[in-house]
Asker: 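Have a look at the structure that comes next, please.
Here the structure is a predicted model, which means the values were calculated and not measured. Counting from 1, the numbers follow the sequence of the chain as shown.
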Amino acid sequence: MAAAKGAQNVPATEWRVTLPEGASVAVEHELAVAHGARAWASSVLLLAVWRIGADDPRRAVHGLKVGLALALVSVFYYTRTLYDGVGGAAMWAVLTVVVVLEYTVGGCVYKGLNRAIATASAAVVALGVHWIASKSDDKFEPFIRSGSVFLLAAAATSSRFIPTVKARFDYGVTIFILTYSLVAVSGYRVDALVSMAEQRVCTISIGVSICLAVSALICPVWAGQELHLATARNMEKLAGAVEACEQDESTNNKKQQPSSKAEGYKCVLNSKASEDSLSNLARWEPPHGGFGFRHPYGQYKNVGAAMRHCAYCVEALTGCVRSAGEVHPAKAPGRRQLANACTRVAARCARVLREASGSVRSMTTSRAVDMAVADMNAAVEEMQADLAATSALMDAAAQLFTVTSLLIEVSSRIEGVVDAVDTLARLANFKSADEEEKPAKSVAKAGPVIEPDSEASGGNRTTKALEEV
C-alpha cells in the first residue's frame, strides 16, 4: 500500500520546449503562406476547368451525363425492390457505368457491347467447365479448373496481338479473361454458381443499357461526325500553312516568329492517332445524319494519309523559307517575277485544299474542285516557264529555286489529296452541288437577274479561274 501511495505521489513527466522570441509569429506566417498557396492553386484549377468547358461545352455536358448515369444506376442499390431482384451484384452495374460511359457514342457502344458479350460468353464457358469439373473426381477438379484458366487465358491474351482483334475487340478480350477467371475459380467454393453468373450478367446489362441511353439520347457526340469535321479542319489548316509560308517568303518575314497559321501543318502531321481512334469507334455507331450503316470511315484514314504526305513537303518548304537570307527583288527583276509566280502557285494550292475541305464538310461534290485543280496546274506551268527564263540567276537565287521545286511537289501531292477526297465522295454517295444549282439557274432565265459574286457558286469560281489563267 505504501509503495502504491508513493507511486501516486511521483509527478508525471513533462516536456517543455523553449522557443526563441518571434517563433510563434514565424509559424503563423508560414501557415498563412501555405493557406494562400492552396487558395491560389484551387483558383488556378477552377480557372483551367472553366476554360476547358468554355472551349468545348460538350466536355462539361459529358461530366453531367456521367453523374446522371451513376445516379440512375444507384437506384438499383438504394431501392429494396430492385435490390432484391439483382442481389448484392448491383455494385457491378455501378462499376460498369464508370468504365463504359465514354465521351463519344461510338466509344460507349464499343465498350458496352464488348463488355456485355464478353461477360455472357465467359459465363457460359465457365459454367460448362464447372459442369465438367463437377462430374469428375474431387482430386481432378482443381486441375481441370486451373488447366482451363491457363489455356483460355493464354489463348485470349495471344489473340490480342492480332491487329483486327486489337483494334476492335481488345477490351472485350480483357473482360472475357477477367470474368472467366472469377467465375471459374469462385465456382470451386460457391455452390450457387449459376445464380451468381446470372446476377452478374443481368447487372452488367443494366449498366450498359443505361450508358447507351444516356450517351445516345442526351447531347450525343458522334465519333463519325468528329472524324468528318476534323478531316475538313485539317485541310483548312494545311491550306493556311501553304499560304502563310509563301507570304512569309514574299514579305521577307523570316526573322520574326512564325504565325500560328503557318504552323497548321503540324496539326495534320500529329492527327494519325486521333484519326485511327475515331475511325475504329465510328464503325460501332448506329446510322445518324448523313452517316449510314456502311459509311466508309476507313477512307478518312486514306485522306488523312494523303494530307500528311503533303504536310511533310509543306514542312520542308517552311524550313527552306525560314533558313533563307533576305531577298532583294529590286536588284533581280527576274527573281522578283519568279517570286510572284511562287506566290500565285501557293494561292492556287491553298484554294484547291479549301475547295476540297468545303466538299467534305458539306458532303457534296462540285466541278469547282476540278476547276481549282486545273487553275493550280496552269499556275505551276507558268512558274516552270519563269523558272526556265531565270536559269541564269541560279547562283544568286538558289533558295528561290528550291522553293519553286518544293511548290511543284506540293501541288503534285495536293492532287493526291483531291483523288482521296473523290474516292470518299464516291463511296459515301456525296450529293452533287451542281445538280442543286440547276433549279436556281432555270429560275434565273425568267428575268435579267444578276447573280452575286460568291465563292459558293461553282460557275462563278469557274469564270474567275478562266479569267486569271
Side-chain angles (χ1 to χ4, degrees), residues 56-79 81-83 85-87 89-124 164-179 182 197-230 274 276-295 297-298:
D56 191 356
R58 296 178 300 177
R59 298 176 182 177
V61 174
H62 176 66
L64 297 178
K65 289 163 64 174
V66 173
L68 176 61
L70 287 174
L72 292 176
V73 77
S74 299
V75 175
F76 286 88
Y77 205 84
Y78 297 143
T79 306
T81 304
L82 299 177
Y83 180 82
V86 296
M91 190 56 66
W92 284 106
V94 178
L95 296 177
T96 300
V97 171
V98 173
V99 299
V100 168
L101 189 55
E102 292 288 332
Y103 179 67
T104 61
V105 177
C108 186
V109 175
Y110 159 71
K111 278 195 169 182
L113 293 182
N114 270 267
R115 187 176 183 87
I117 296 174
T119 300
S121 59
V124 171
T164 304
V165 177
K166 181 70 175 178
R168 301 185 182 183
F169 309 107
D170 184 70
Y171 181 73
V173 173
T174 304
I175 297 301
F176 176 87
I177 297 173
L178 173 64
T179 303
L182 290 177
E198 181 182 356
Q199 288 179 353
R200 176 161 184 181
V201 172
C202 180
T203 51
I204 289 179
S205 301
I206 292 172
V208 170
S209 300
I210 292 177
C211 289
L212 295 179
V214 172
S215 178
L217 299 180
I218 302 177
C219 299
V221 179
W222 303 100
Q225 189 175 5
E226 291 293 308
L227 175 63
H228 184 83
L229 296 177
S274 176
D276 292 343
S277 176
L278 290 175
S279 176
N280 292 330
L281 296 179
R283 295 174 180 175
W284 294 88
E285 293 179 343
H288 57 280
F291 305 91
F293 261 119
R294 300 184 63 84
H295 192 80
Y297 293 111

Asker: Quick one: closest heavy-atom pair of T96 and G207, and the distance?
Answerer: CG2-C, 4.0 Å
Asker: Can you see which heavy atom on V97 is nearest to which on A69, and at what distance?
Answerer: CG1-CB, 3.7 Å
Asker: Applying ring-ring contact (aromatic ring centres under 6.0 Å, His included), can you list everything that pairs with F176, at least two apart in sequence or on another chain?
Answerer: none
Asker: Might you point out which heavy atoms bring V221 and E285 nearest each other, and give the distance in Å?
Answerer: O-OE2, 4.4 Å
Asker: Which value, rounded to the nearest 0.5 Å, describes the distance between Y297 atom OH and W284 atom CH2?
Answerer: 14.0 Å
Asker: Say you draw a straight line from OG of S277 to CG of L227; how long is it, rounded to the nearest 0.5 Å?
Answerer: 10.0 Å
Asker: Using ring-ring contact (aromatic ring centres under 6.0 Å, His included) as the criterion, list what pairs up with H62, not counting sequence neighbours.
Answerer: Y103
Asker: Is a side-chain N or O of K111 found less than 3.5 angstrom from the main chain of E102, in a donor-acceptor match?
Answerer: no
Asker: Pairs in or reaching into residues 205-225: which pass ring-ring contact (aromatic ring centres under 6.0 Å, His included), with residues at least two apart or in two chains?
Answerer: W222-H288
Asker: Under the criterion side-chain contact (heavy atoms from CB on, under 4.5 Å), I'd like the reasoning laid out for V165 against R168: C-alpha separation, chi angles, the key distance, then a yes or no.
Answerer: CA-CA 5 Å; V165 177; R168 301 185 182 183; over 6 Å; no
Asker: I'd like to know whether the aromatic ring centres of H228 and F291 sit less than 6.0 Å apart in this structure.
Answerer: yes
Asker: What I want to find out is whether E226 reaches R58 closely enough, with some N-O distance under 4.0 Å, to be called a salt bridge.
Answerer: yes
Asker: Which distance, rounded to the nearest 0.5 Å, do you find between the CG of D170 and the OG1 of T164?
Answerer: 12.5 Å
Asker: Grab the two heavy atoms, one from F169 and one from N114, that are nearest each other, plus how far apart they are.
Answerer: CA-OD1, 3.4 Å
Asker: For the residue pair V99 and L95, establish whether any side-chain heavy-atom pair is separated by less than 4.5 Å.
Answerer: no
Asker: How close do L281 and A223 get, counting heavy atoms only, and between which atoms?
Answerer: CB-CB, 4.1 Å
Asker: Are the side chain of T203 and the backbone N or O of R200 linked by a donor-acceptor pair below 3.5 Å?
Answerer: yes
Asker: Give, for atom CD1 of I204 and atom OG1 of T179, the distance between the pair rounded to the nearest 0.5 Å.
Answerer: 5.5 Å
Asker: Look up atom CG in L64 and atom CZ in R59, then write down how far apart they are to the nearest 0.5 Å.
Answerer: 15.0 Å
Asker: When rounded to the nearest 0.5 angstrom, what is the spacing between CD in Q225 and OG1 in T104?
Answerer: 12.0 Å
Asker: So, S121 side chain and A118 main chain: donor-acceptor pair closer than 3.5 Å or not?
Answerer: yes
Asker: Which pair of non-hydrogen atoms, one from L101 and one from C211, has the smallest distance, and what is that distance?
Answerer: CD1-O, 3.7 Å
